Trainee: 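Mind having a look at this structure? Questions to follow.
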Amino acid sequence: QVKLVESGGGLVQAGGSLRLSCAASGRTFSAYTMAWFRQAPGKEREFVGLSTSGGNTDYADSVKGRFTVSRDNAENTAYLQMNNLKPEDTAIYYCAVRSGSGWRVVTRYDYWGQGTQVTVSS
C-alpha cells in the first residue's frame with residue numbers, strides 16, 4: 001500500500017552536488033517524519049537527515065553544513081540536497097518514513113524505498 005521511490009542518484013566528482021527525491025504514495029504523509037539513510041558497501045545503514053511533520057530537521061554530524069533535507073507535503077515528496085560531496089558519501093541512499101516523531105535509528109522506521117546509488121569520485 002505504501003510506496004516510496006527514490007531518484008536522483010548518480011556519479012559525481014568530489015565537490016559536486018546532487019539532489020535526491022523521494023516520492024511517497026499510498027496515504028497522506030503530512031503527519032509523518034521523512035528521513036534519509038545511507039549504506040556503503042560492507043557497512044551498516046546509517047542515519048543522514050530527517051524532516052518532521054512539524055518542520056524540524058536533524059542531521060548526522062558527518063553531513064551537517066553540506067546536506068539539506070526538505071519536503072513538499074502537497075506533493076508527498078521529500079528531498080535531500082547534497083553539496084560538497086566527498087568520496088566517503090558514496091553509498092546507496094534510502095528514503096524512510098514513520099508516523100510520529102523523528103528518530104535517528106533504522107529500526108524506528110516503518111517504510112523504506114528501494115534506494116538510489118550515489119557515487120562520488122575523487
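None of the values given here were measured: they were computed from a predicted structure. In this chain, residues are counted from 1 in sequence order.
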Trainee: Run the numbers on Ser70 and Arg19 for side-chain contact (heavy atoms from CB on, under 4.5 Å), then give the verdict.
Mentor: CA-CA 11 Å; Ser70 62; Arg19 184 177 178 85; 4.1 Å; yes
Trainee: Give a yes or no answer on whether the side chain of Glu44 reaches the backbone of Gln39 with a donor-acceptor pair at less than 3.5 Å.
Mentor: no
Trainee: If hydrophobic clusters are built by linking Ile, Leu, Val, Met, Phe, Trp and Tyr wherever their side-chain heavy atoms come under 4.5 Å apart, do Val69 and Leu20 end up in the same one?
Mentor: yes
Trainee: Residues two or more places apart in sequence or in another chain: which of them pass side-chain hydrogen bond (donor to acceptor under 3.5 Å, both in side chains) with Asp61?
Mentor: Lys64
Trainee: Determine yes or no for a side-chain-to-main-chain donor-acceptor pair under 3.5 angstrom, with Glu6 supplying the side chain and Gly115 the backbone.
Mentor: yes
Trainee: Run the numbers on Asp58 and Asn56 for side-chain contact (heavy atoms from CB on, under 4.5 Å), then give the verdict.
Mentor: CA-CA 7 Å; Asp58 188 33; Asn56 295 318; over 6 Å; no
Trainee: Does some side-chain heavy atom of Tyr93 sit less than 4.5 Å from a side-chain heavy atom of Val48?
Mentor: yes
Trainee: For Tyr32, check ring pair (Phe, Tyr, Trp, His ring centres under 6.0 Å) against everything at least two apart and list the hits.
Mentor: Phe29
Trainee: Return the set of residues passing side-chain contact (heavy atoms from CB on, under 4.5 Å) with Arg66 (not counting sequence neighbours), or none when no residue passes.
Mentor: Val63, Asn84, Lys86, Asp89
Trainee: Are the side chain of Arg108 and the backbone of Trp103 linked by a donor-acceptor contact shorter than 3.5 Å?
Mentor: no
Trainee: Could you measure the distance from the CD atom of Gln117 to the CD1 atom of Ile92? Nearest 0.5 Å is fine.
Mentor: 5.0 Å
Trainee: side-chain hydrogen bond (donor to acceptor under 3.5 Å, both in side chains), that's the test. Do Asp72 and Thr77 meet it? Break it down for me.
Mentor: CA-CA 5 Å; Asp72 184 343; Thr77 302; over 6 Å; no
Trainee: Is Arg71 close to Tyr79 at the side-chain level, that is, under 4.5 Å between some pair of heavy atoms?
Mentor: no
Trainee: Calculate, to the nearest 0.5 Å, the distance between atoms OG and CG belonging to Ser17 and Leu85 respectively.
Mentor: 6.0 Å
Trainee: To the nearest 0.5 Å, how far apart are OH in Tyr94 and CH2 in Trp36?
Mentor: 12.0 Å
Trainee: If you take all heavy atoms of Ser62 and Arg38, which pair is closest and at what distance?
Mentor: OG-NH2, 3.5 Å
Trainee: Are Phe37 and Tyr109, when compared by the centres of their aromatic rings, separated by less than 6.0 Å?
Mentor: yes
